[in-house]
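Each remark here refers to the structure printed beneath this line.
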Amino acid sequence: MPGIRCLGMGECGVTQSFLFNPVVINRLDDKSIDINYFNRYGLKELGTVGMTLAYSNKLLSLGVDISSFGYDQYRESRFRLSFGKQLNKRWNLGLGIHYSML
């Protein structure tokens, strides 16, 4: 069931992603790995490849995202590292580190 924040934004699932909100990683039930390739226009130069790893546990939850867009002469690469910790029943703490290369 989506939370109130997600419903308030038209049920946009982005608000439930630890990539944009690192506190959400504490709420994940299982570990997950996601590998994807996205190419909307059918040109290899405009393709995006990515890998996401999420590891949720009681001590310190961790999320890693690596993605790359472009080709040899123009490439954008992105690395995200997310940490999350549940402080008590109501409070969570999250930290996200984002690094982009062009």
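Model, not experiment: these values are computed from the prediction.
To the nearest 0.5 Å, atoms OG (Ser32) and OH (Tyr55) are separated by 12.5 Å.
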Pair Leu53-Asp65, side-chain contact (heavy atoms from CB on, under 4.5 Å): steps then yes or no: CA-CA 6 Å; Leu53 168 73; Asp65 175 58; over 6 Å; no

Step by step, would you call Tyr71 with Leu46 a side-chain contact (heavy atoms from CB on, under 4.5 Å)? CA-CA 8 Å; Tyr71 57 103; Leu46 298 178; over 6 Å; no

Using distance only, find each side-chain donor-acceptor pair of residues 84-92 under 3.5 Å and give its atom names and separation, not counting sequence neighbours.
from	atom 1	to	atom 2	distance (Å)
Lys85	NZ	Lys58	O	3.3
Lys85	NZ	Leu59	O	3.0
Gln86	NE2	Asn88	O	3.2
Asn88	OD1	Arg90	N	2.9
Asn88	OD1	Trp91	N	2.8

Distance-only donor-acceptor hits, side chain of residues 95-102, under 3.5 Å, sequence neighbours excluded:
from	atom 1	to	atom 2	distance (Å)
His98	ND1	Arg80	NE	3.3
His98	NE2	Ser100	OG	2.8

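Under the side chain to side chain contact (heavy atoms under 4.5 Å, CB included) criterion, Asp72 pairs with Arg75, not counting sequence neighbours.
Put simply, Ile66 and Val49 are part of two different groups of oily side chains (I, L, V, M, F, W, Y) that touch within less than 4.5 Å, one to the next. No path of Ile, Leu, Val, Met, Phe, Trp and Tyr side chains, each step under 4.5 Å between heavy atoms, connects Leu60 with Leu93, placing them in separate hydrophobic clusters. By the criterion of side-chain heavy atoms lying less than 4.5 angstrom apart, applied directly or through intervening Ile, Leu, Val, Met, Phe, Trp or Tyr residues, Leu62 is grouped together with Ile35 in one hydrophobic cluster.
A donor-acceptor contact under 3.5 angstrom links the side chains of Asn39 and Tyr37, judged on distance only.
Distance alone, capped at 3.5 Å, places no donor-acceptor pair between the Ser56 side chain and the Asp30 backbone.
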